[in-house]
Participant: 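Below: one structure in structure tokens.
The chains referred to below are lettered A, B, ... by the order of the sequence lines, with proteins before strands, and numbering in each begins at 1. If you're wondering where the values come from, they're calculated on a predicted model, not measured in any experiment.
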Amino acid sequence: MRKLDESLLGHIPPFRKLGRPEIRAILDLAEPKRYAAGTAIFEEGLAAERFYLLLDGHIRVIRTTEGGDQVIALHIVAGQLFGIAAAIGRDTYPATAMAVDDCLVLSWPTSQWSNFTANYDGFATESYKVVGERMGEMNNRLVEMATQQVEQRVARAVLRLISQSGRKVAGGIEIDFPITRQNLSDMTGTTLHTVSRLMSGWEKVGLVKSTRRHIVVTDAHRLVVLSEKSG
DNA sequence: TCATTAAAAGTTT
DNA sequence: AAACTTTTAATGA
């Protein structure tokens, strides 16, 4: 197996404070793996045997409700830890992680978690910060669901996506992974039809430009204004 | 306002 | 060709 390069981890927050030899040790314990688009990395309820770091690609975290509906909880972008059940004191995964596009992932046995947090400076604080941010984000989502109207919710979801994984292109900012109307409706608790109609409407007035599984925000400012207006 | 149902057309594999 | 994605319209809560 090709050796992993230390520069892969050096700039990623939980490892930023570590020296070369420490990163080398961590990499030697890691198992690198590729996942094709649409593949599950782990599933909700399964024993949390490993924790993961996304090196390349995009991951969708999906929670299944009692009714059997799948709700997209959040997206993970390159450089983020995920599947860190151990960090919140669980021994099973609280959600399913799916590869949105082709992904490159490192993983470690959960048994290493205590080793990492105890021996590597900054790993624990950075990881808990990430967990805190995620929980805050999910909580915001819940509040939005209860208080905002559909158009505002969808607008915010799109804005969140471009801020997390937007890429500047001629004429706007595009979401740099495949996203469908259905996905957006799963994120916002509405239907694909409503999302489709909203997007058509926004496209007509020049806020966005979208083709199949692809969205470009052409006027982020006006979309922000739209997302903040209250009914 | 928004969901549901249905039907049609476009895209990908 | 089959499977998937998007659009549009009609109807009702």
Participant: Side chain of A/His193, base of C/dT8: donor and acceptor closer than 3.5 Å?
Facilitator: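 Such a pair exists between side chain and base.
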Participant: Could you tell me how far apart A/His214 (NE2) and B/dT11 (C1') are, to the nearest whole angstrom?
Facilitator: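 It works out to 15 Å between those atoms.
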Participant: How many Å lie between CE on A/Met199 and P on C/dT5, as a whole number?
Facilitator: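 It works out to 15 Å between those atoms.
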Participant: What does A/Thr180 touch in the nucleic acid at a heavy-atom separation under 4.0 angstrom: a base, only the sugar-phosphate, or nothing?
Facilitator: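 Here A/Thr180 touches the backbone only, sparing every base.
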Participant: Hey, does the side chain of A/Arg153 reach the backbone of A/Gln148 with a donor-acceptor pair shorter than 3.5 angstrom?
Facilitator: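 Yes; at least one donor-acceptor contact below 3.5 Å.
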Participant: Taking the side chain from A/Thr110 and the backbone from A/Arg50, do they hold a donor-acceptor pair closer than 3.5 Å?
Facilitator: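 Looks like yes, one N/O pair under 3.5 Å.
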Participant: Over how many whole Å does the gap from A/Arg153 atom CZ to B/dT1 atom P extend?
Facilitator: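 So the CZ-P distance, A/Arg153 to B/dT1, works out to 14 Å.
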Participant: Which pair of non-hydrogen atoms, one from A/Gly206 and one from A/Asp219, has the smallest distance, and what is that distance?
Facilitator: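 Shortest heavy-atom separation between A/Gly206 and A/Asp219 comes out as O-CB, 3.8 Å.
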Participant: For a quick check of understanding: with a heavy-atom distance under 4.0 Å over all strands, which category does A/Ser196 fall into, base, sugar-phosphate or nothing?
Facilitator: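 Base contact.
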Participant: Could you tell me how far apart A/Arg213 (CZ) and B/dT13 (P) are, to the nearest whole angstrom?
Facilitator: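 The distance from CZ of A/Arg213 to P of B/dT13 comes to 7 Å, rounded to the nearest Å.
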Participant: Please walk me through it: do A/Asp186 and A/Gln182 pass side chain to side chain donor-acceptor pair (under 3.5 Å)?
Facilitator: CA-CA 6 Å; A/Asp186 287 344; A/Gln182 174 76 69; 3.2 Å; yes
Participant: Rounded to whole Å, how long is the line connecting atom NZ of A/Lys204 with atom C1' of C/dT7?
Facilitator: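 Result: 10 Å.
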Participant: Think A/Ser200 has a side-chain N or O under 4.0 angstrom from the OP1 or OP2 of C/dT6?
Facilitator: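 Looking at the OP1 and OP2 atoms of C/dT6, neither is under 4.0 Å from any side-chain N or O of A/Ser200.
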Participant: Please state how far atom CE in A/Met145 lies from atom C1' in B/dT1, giving the value in whole angstrom units.
Facilitator: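 These atoms are roughly 17 Å apart.
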Participant: Whole angstroms only, please: what is the CG-C1' distance between A/Leu198 and B/dC2?
Facilitator: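 Roughly 10 Å, once rounded to whole Å.
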Participant: Can you tell me how far apart CG (A/Leu74) and CD1 (A/Ile62) are? Round to the nearest 0.5 Å.
Facilitator: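 So the CG of A/Leu74 and the CD1 of A/Ile62 are separated by 10.5 Å.
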Participant: With DNA chain C as reference, determine whether A/Arg197 or A/Arg181 sits nearer its 5' end, using the nearest nucleotide of each.
Facilitator: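 Counting from the 5' end, the first nearest nucleotide belongs to A/Arg181.
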Participant: From C-beta outward on A/Gln149, which listed nucleotide comes closest to its side chain: B/dT1, C/dT6, B/dA3?
Facilitator: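 Comparing B/dT1, C/dT6, B/dA3 against the side chain of A/Gln149, the answer is B/dT1.
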Participant: Starting at CG of A/Leu192 and ending at P of C/dC4, how long is that distance when rounded to a whole Å?
Facilitator: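 Taking atom P of C/dC4 as the reference, CG of A/Leu192 is at 14 Å.
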